[in-house]
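Report on the following structure.
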Protein chains: 2
Amino acid sequence: FVEELRETGNDSSGASNSGCESSKESSRSSTPVLDTDRTDRLRDKMRRRTESGDHWFSLEFFPPRTASGAVNLISRFDRMGSGGPLFIDVTWHPAGDPGSDKETSSMMIASTAVNYCGLESILHLTCCNQTKEKITGYLSKAKRLGLKNIMALRGDPMGADWEEEEAGFNYATDLVKHIRCEFDDYFDICVAGYPTGHPEAESYDEDLRHLKEKVDAGADFIITQLFFRADTFLKFVRDCRAIGITCPILPGIFPIQGYQSLRQLVKLSKLEVPEEIMQVIEPIKDNDAAIRNYGIEQAVGMCRVLLESGEVPGLHFYTLNREVATMEVLRQLGLWIEDPRRTLPWAVSAHPKRKVEDVRPIFWASRPKSYIYRTQDWDDFPNGRWGNSSSPAFGELNDYYLFYLKSKSSKDALLKMWGEELTSEQSVYEVFTSYITAQPNVAGHKVMCLPWNDDPLAPETNLLKDELDKVNRRGVLTINSQPSINGKPSSDPIVGWGPPGGYVFQKAYLEFFTSSENVTALLKVLKKYEPRVNYHIVNVHGQNTTNAHDMQPNAVTWGIFPGREIVQPTVVDPVSFLYWKDEAFALWIEQWAKLYEDESPSRMIIKYIHDNYFLVNLVDNDFPLDNCLWQVIDDMFELLDNPPEEQPAEQTAEQPNDEQSDKEQPGK
Amino acid sequence: FVEELRETGNDSSGASNSGCESSKESSRSSTPVLDTDRTDRLRDKMRRRTESGDHWFSLEFFPPRTASGAVNLISRFDRMGSGGPLFIDVTWHPAGDPGSDKETSSMMIASTAVNYCGLESILHLTCCNQTKEKITGYLSKAKRLGLKNIMALRGDPMGADWEEEEAGFNYATDLVKHIRCEFDDYFDICVAGYPTGHPEAESYDEDLRHLKEKVDAGADFIITQLFFRADTFLKFVRDCRAIGITCPILPGIFPIQGYQSLRQLVKLSKLEVPEEIMQVIEPIKDNDAAIRNYGIEQAVGMCRVLLESGEVPGLHFYTLNREVATMEVLRQLGLWIEDPRRTLPWAVSAHPKRKVEDVRPIFWASRPKSYIYRTQDWDDFPNGRWGNSSSPAFGELNDYYLFYLKSKSSKDALLKMWGEELTSEQSVYEVFTSYITAQPNVAGHKVMCLPWNDDPLAPETNLLKDELDKVNRRGVLTINSQPSINGKPSSDPIVGWGPPGGYVFQKAYLEFFTSSENVTALLKVLKKYEPRVNYHIVNVHGQNTTNAHDMQPNAVTWGIFPGREIVQPTVVDPVSFLYWKDEAFALWIEQWAKLYEDESPSRMIIKYIHDNYFLVNLVDNDFPLDNCLWQVIDDMFELLDNPPEEQPAEQTAEQPNDEQSDKEQPGK
């Protein structure tokens, strides 16, 4: 409830530059959950953590103003999610059409956090000046979207002429009662507590009685307004306990981040900043860095007192949609846990209907949000989904949707990375190579992303860097790969996932675009690698070549754990590959070609690749042996460099897409 | 159609002595099938084998006269099935109530071959003197039991006063038409061919025309009556082809096995034994061994000519329910393939509704037929069957049923193996030890089976022999075990299964009965092995102790194959363990205790074990490391030998089933 503090421009800063912090985001669960956590309610998780004395933290965000702000906030969810918050909450912004389908609405931001970022989330809801029908509509929609927790607030009356309505919502208590009445026990409900009393309350005691009413009406826990002294909160907790409030009470922590935001806060919240704080801040009010450092120090000190009191099971942070200060406080407190244990190798969505999901195709590994979007209408996610009997139906690509085409980088930044002007297919190869090697391109810019990869290479992929460099230079344009793994501990910091005491495995995988000339050579070479290597080769027209047995899925990541069945979370599935193909080829045009003028040579080069290249995936089934896929590519180059002289006729006959590969190539 | 040759007493001979040949039967698929074979029809398999030039063989049996004959025939199915027949067929014995539910009926024997032995089977059916309703009833029942192939025969008219009936079945053709009319294309249909013409036919040509009619009516292939010269068959095939019969024609091979049976055959079939054969046989007619050797030699020579002709894709053998001669012929021809490739580590049932079955609990590893019987009413066999959501309902134990209690050995033989008189629990330990070590017991008899194991130890278990010997001597009475395996090739002759190019894995498993005193020590020791070792410990009363997570199944055998999902065919499932417990404890009483007089000391000792011992299973989850389960048992013995002196009170508190273990033990 400090959304009033949102600062213009803040929510679009620093996103693309700090992307490197989250390079593993695509394949990591954002919260360190155990299996049981996937099904449990927030209040159960909270109770378990409290009982075990395992302190947690949570993070509050407000909805952004613009679509690009939304893209950045979602990246921030991923980055801040990687530290392991128990939940995040999203404020209700009555002026921002909060219940709508706009990508900036409170409803959609909270839904995105749950569904696409895998974060347990609380949606704020204010009831002041709302009809019951409207509120019920919001709650039904939230439920439909997979939201399970509501922060029930009164909200600020609009205008000064507010009066109590007989049958309306006058207090948060009315909203809590309404939620319990209409939705029974479905939602976990949180309410607000005011350590110094609500500014409009007649007295501190009167306000405490109101809080007791809210809890008695069915609230599960309390989050407090911010405060500046640990004693303020601890007294408040004692007073609550004294009148019979027994539920968890979480302190709202506000790390001071700037002089202006503090002043604004004081004015809006009618809080008083203690004299000892003002005395430090006033002299340094023009030094943002100094104030932020002080704010961190002050917050850390206060949090230590709170945690040591034994009264505080977890800390709630008002982030103001900023990362640095909160993360630093959490790091100093030892609550920020980088590289939390992953439940599965990919980020698990927090939507309740996806809780049984335990297998995905490898193709969307770098575009997990697109995958979730395109499968959002699926009723379940069983293994059988990838069997022979039922083929999955993927949702249509939708170029409006936030995750499909919007890049976190501006057009200008993309042109710098991917080339202001392309002169040949070779220039495209160089973009890929720059991305792989993390070296500047010819124009001196680092290539931080590609249309198929929003972030720099994951550490796991980095293990393959030298090989990837070599093949991209020659037009094997890699967009996805994984090394083989033969039984590493599930606790391995780079490739581990799942419960402790297990072993994880992978088959080597390589996916790339390449020319039809290369594919012709590749197909000859692949005959030597039967049945060790499985391949699928397809062009934009759907011309498809494969040696997959009966179009069955091939498990390429699996884990063996104590006392469990085998888990095989990643497969190369022939059916879904054809859906992925549409998306992968479309990204050439939508994200790259459209940066250039119609009919421009640069655009024509990308268009030519889109029309003529093949998308290839290779799996090395012999996971205990050294990965042979590089040898396959080497053999292909060797064949291209030293073609056999005899039988040119046969060679032509085997060339796929023959009629097209003879066309004149633009830019050559 | 040589069932007239069945010889009294033959079907109960040699079963228990030749059991050692089939020691792996319990965990091996009887036919070397590929995945696709599991769903394909017999005619498709035949076509594929013919196209690939891969010669096959098939085996004909007739139904036994007695229940113990049935038990022996089923053992013979398992042993002869291990050589890899494409199918077996079971003759229709009109005098033996062939369509009934008796365990000796043609219908039940064929059903058993399909359902319990995993053999592709053809049921013979004769139509002469039968109503359409009766025939339709038989066919419906056959379909319900999972039979998919019918050999359509006229059968011999009963008595001399047979006349053609206007609307009845007069010829096999009528039956073929009826099957196609009533059951469409459901059944594959086989008909009989007579290389020298049917004895009742007007002429050879007339008989060929009848055969053409049968094929035109819808038969899929032909099996011929026996013959003695390759030329006879080859001319017959040429004549068939000449009049437009294009379907497969399989030669019926009859290895001469004795003088009497040959004479009887000549009389009944109205066949003429060629002079050159009679000249050899007459002088040695009293030397059974010499005649059998000649019969083998003669059959091998004839088969070689047939196979080399290129006209013969497979050979059909009239076994007369005997093993030796047919197996020898097949071995000499190189068609008998011991240790065929296994599709899964356990024998796959050939019932069409079980074709998707790909996981079983490990407990029934030595009693697969009991498992199939108890799950015969299940509609499907998905992985999910072993998940949390649905617990399987096992069929009731039925002490009538053929597979549950009937032992292949006589009561007398069992008493020799398991002790005419038991004097203490120690005598029971010695029986187990004799079984494990394959050494004679104190009375000088080898222990070839135990109530939980019909056959001597499997080669795989043999790898553990020394350890098993040691622990059984001290009252850890093992009934099931497997070693850990960390990625052996799927082609491994001992532990391999599944398609080529894969890798198979196992977690070490040990299951045993032991005293409550031992269990008390074991539970203390197991604390050191958390979470590496999972255990389930239960007594006959259902008192159950486990550290299994959420009662989930633990996969203990799995395989990774090119281009496929993970296969995990064997699990330790907590729910089914409680069903298995009932069966495992009941076997003490039903198979062992009941050998002795009521109230006799021997019976009381077994009863005491049944009432007081625990059934324990242990899984070592760390499959890449050396199996730790022996260390667990050693630690248990160590603790028993050197109990800590302090805290006797705590020790008592942890003892399971405390009130019972203090009872006086009989025989001590």
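Every chain is numbered from 1 and lettered A, B, ... according to where its sequence line falls, protein lines coming before strand lines.
Under the salt bridge (charged side-chain N to carboxylate O under 4.0 Å, His left out) criterion, A:K488 pairs with no residue, sequence neighbours left out. Residues satisfying the side-chain hydrogen bond (donor to acceptor under 3.5 Å, both in side chains) test with A:W580, not counting sequence neighbours, are A:E511. Applying the side-chain hydrogen bond (donor to acceptor under 3.5 Å, both in side chains) criterion to A:T570, with sequence neighbours excluded, gives no partner residue.
In this structure, the separation between OG1 on A:T546 and CD1 on A:I537 is 8.5 Å, given to the nearest 0.5 Å. In this structure, OG1 on A:T557 lies 7.5 Å from CD1 on A:I485, to the nearest 0.5 angstrom.
When each of B:D620, B:V619, B:I560 is checked for heavy-atom pairs under 4.5 Å with chain A, B:I560 comes out on top. Considering only heavy-atom pairs separated by less than 4.5 Å from chain B, the leading option among A:V533, A:V556, A:N534 is A:N534. Note: B:P562 leads B:P531, B:P562, B:A555 in heavy-atom pairs under 4.5 Å with chain A.
Within residues 623-631 of chain B, the residues that have a heavy atom under 4.5 Å from a heavy atom of chain A are B:F623, B:P624, B:L625, listed by number.
A side-chain donor from one of A:N554 and A:N621 sits under 3.5 Å from a side-chain acceptor of the other. If you check the side chains of A:Q552 and B:E565, you find no donor sitting under 3.5 Å from an acceptor.
Of the atoms belonging to B:F505, it is side-chain heavy atoms, and not backbone ones, that fall under 4.5 Å from chain A. Of the atoms belonging to B:D622, heavy atoms from both backbone and side chain fall under 4.5 Å from chain A.
Taking the six-membered ring wherever Trp is involved, the centroid distance between the rings of A:W364 and A:Y579 does not fall below 6.0 Å.
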